[in-house]
Number of protein chains: 2
Amino acid sequence: MRKGEATRARILQEAARQAAVRGLSVVSLNDVAEAVGLSKSGLFKHFESKEAMQLAVLETTLERFTAFVWAPAAELPPGRARLETIFERWLTWSEVENAEGGCLLMSAGAELDDQPGPLRDLLQAQQRRWLRTLQREFTALTDPPLSDRQARLAAFQMKSFVFGHNDNRRLLEDADARALAEAAFHDLLDRTARGD
Amino acid sequence: MRKGEATRARILQEAARQAAVRGLSVVSLNDVAEAVGLSKSGLFKHFESKEAMQLAVLETTLERFTAFVWAPAAELPPGRARLETIFERWLTWSEVENAEGGCLLMSAGAELDDQPGPLRDLLQAQQRRWLRTLQREFTALTDPPLSDRQARLAAFQMKSFVFGHNDNRRLLEDADARALAEAAFHDLLDRTARGD
DNA sequence: GAGAAAAGAGCACGATCGGTCACCTTGGTC
DNA sequence: GACCAAGGTGACCGATCGTGCTCTTTTCTC
């Protein structure tokens with residue numbers, strides 16, 4: 001059982017890597033098994049189907065995302081510094097996690113947005129929660145607190161900048177992607193704090 | 001030849017539809033052929049390979065994008081109204097073009113960003129040009145004109161809002177996605193015009 | 001209307017896909 | 001050290017993948 005959990009983790013790691021590069025729905029069980037040093041049928045002792053493996057990949061990636069982006073910010077009190085930490089960690093996450101293939105959550109979002117099923121359901125639920133978290137953080141930014149609509153608008157922009165950063169960096173290969181995103185975000189923080 | 005061009009167009013239309021839903025690299029020649037009422041081998045009289053077909057799909061989609069988004073704006077003089085038209089048409093494009101599968105250019109961007117080849121090259125080149133076009137439009141927004149850096153930052157934000165709109169609408173199924181994007185964009189126009 | 005070229009059908013190929021089954025090997029427990 | 005379940009292998013299944021081949025039908029041109 002100890003052994004089993006270790007190989008399961010190795011499988012998930014490799015599967016996540018391939019999913020980030022080729023797409024979550026296009027990972028090949030054969031290739032994953034080979035890379036891990038297993039036979040294809042050996043995989044099925046850890047996951048009852050390909051979809052179950054994809055789901056596990058998504059779950060562990062979501063957990064890693066929370067640990068990497070949210071956890072460090074959670075130690076700070078609500079406010080501007082916390083939001084800045086979230087944004088910085090978020091950008092860094094999308095840069096270093098699966099460095100070759102890019103952020104899995106982002107590519108999976110584009111991939112799953114029109115393919116109903118448990119994968120989409122899971123990602124949608126988490127992303128909705130994440131966006132509400134951001135909204136809550138913005139609400140706590142000013143005194144008196146922002147209106148719901150203002151906070152939603154700010155959270156929407158914050159998230160948009162992460163998407164923009166990702167596209168500029170990966171498809172356009174723009175070396176200034178991060179600087180642009182940071183500048184846009186700090187403008188957003190400034191005018192939100194001013195109460196625009 | 002007249003006949004051939006017609007079926008070629010039908011093939012491209014169906015292939016684009018499937019590419020938007022399933023992903024550009026996962027379109028099935030069999031399914032495309034069947035949907036068009038052709039045999040699989042019949043496809044190869046119009047495209048020498050699957051990749052050639054994907055490339056043609058991307059090319060025609062890019063042309064349609066330009067015709068739908070840019071052409072109406074090009075009739076207006078540079079300035080705020082033109083930028084507003086571009087943004088509105090862009091959002092509408094992503095909503096109505098391949099309504100079931102979403103904007104092909106967006107999903108293809110996420111799909112191709114780590115897969116070198118002519119497909120990625122084409123999309124990257126066009127998207128870079130498009131972003132420069134937006135930057136140019138922003139430059140012409142104020143008198144005196146915006147600095148390069150300011151215009152780039154504005155274009156980056158505009159594009160980001162389209163990405164955010166797309167994700168909110170399709171994955172999160174947020175009914176307010178368009179309203180949020182429009183609000184964010186008009187704020188951007190306002191403060192850019194003010195010279196922030 | 002004859003002839004050539006284009007459009008398309010049908011079949012088969014090798015590869016790969018996710019998945020199953022029977023069998024063997026290892027590791028942990030009493 | 002016996003035992004049993006967990007971990008893992010290899011062969012194999014049917015389906016589908018992109019693609020090449022030969023052959024027939026349609027369409028355009030003179």
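Convention: sequence-line order gives letters A, B, ...; per-chain numbering from 1.
The side chain of Lys45(B) places no N or O atom within less than 4.0 Å of a non-bridging phosphate oxygen (OP1 or OP2) of dA6(C). Here Ser49(B) does not reach the OP1 or OP2 of dG18(D): none of its side-chain N or O atoms lies under 4.0 Å away. Regarding contacts with the backbone of dG8(C), a side-chain N or O of His46(B) is found under 4.0 angstrom from either OP1 or OP2. At dC17(D), one or more side-chain N or O atoms of Asn30(B) fall inside 4.0 Å of OP1 or OP2 (strictly under the cut-off).
Taking OG1 from Thr85(A) and CZ from Arg80(A), the interatomic distance works out to 11.5 Å, rounded to the nearest 0.5 Å.
Looking at Leu91(A) and Glu182(A), their side chains come closer than 4.5 Å, going by heavy atoms from C-beta outward.
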Contact list (N/O, under 3.5 angstrom) for nucleotides 10-13 of chain C vs protein:
residue, atom, partner, partner atom, Å
dG10(C), N7, Ser41(B), OG, 2.9
dG10(C), O6, Ser41(B), OG, 2.7

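In this structure, Phe47(B) atom CZ and dA7(C) atom P are separated by 11 Å, rounded to whole Å. In this structure, the CD1 atom of Ile11(B) is 10 Å from the C1' atom of dG8(C), given to the nearest Å. Atom pair Glu51(B):CD and dG18(D):C1' shows a separation of 12 Å (rounding to whole Å applied). Rounded to a whole Å, the CE atom of Met53(A) is 11 Å from the C1' atom of dG18(C). Computed from coordinates, the Phe44(A) CZ to dC17(C) C1' distance equals 10 Å when rounded to whole Å. If you measure from atom CZ of Arg8(B) to atom C1' of dT27(D), you get 19 Å, rounded to the nearest angstrom. Nucleotide dG18(D) holds its P atom 9 Å from the CD atom of Gln54(B), rounded to whole Å. One interatomic measurement links the two molecules: NZ of Lys50(A) to P of dT16(C), which rounds to 15 Å at whole-angstrom precision.
Pairs passing the ring-ring contact (aromatic ring centres under 6.0 Å, His included) check and including a residue from residues 97-134 of chain B, sequence neighbours excluded, read Phe65(B)-Trp130(B), Trp90(B)-Trp130(B).
Heavy atoms of Val27(B) sit under 4.0 angstrom from primed sugar atoms or phosphate atoms, though from no base atom.
In this structure, Phe161(B) has its ring center at least 6.0 angstrom away from the ring center of Phe156(B).
Ion pair Glu14(A)/Arg17(A) flagged as a salt bridge, since at least one NZ, NE, NH1 or NH2 atom sits closer than 4.0 Å to an Asp/Glu carboxylate oxygen. Taking 4.0 Å as the cut-off between side-chain N and carboxylate O, Arg120(B) and Glu111(B) do not count as a salt-bridged pair. The pair Arg178(B)-Glu88(B) meets the salt-bridge criterion, with a side-chain N (NZ, NE, NH1 or NH2) lying under 4.0 Å from an Asp/Glu carboxylate O.
Contacts of residues 109-121 of chain B with DNA chain C (heavy atom under 4.0 Å): none.
With a 6.0 Å radius and a threshold of 12 heavy atoms from other residues, nucleotides or ligands, Glu48(A) has its CD atom at or below the threshold.
Side-chain polar atoms of Arg22(B) and Ser107(B) form no donor-acceptor pair below 3.5 angstrom.
Relative to the side chain of Leu38(B), the nucleotides dC17(D), dG8(C), dC17(C) differ in distance, and dG8(C) lies closest.
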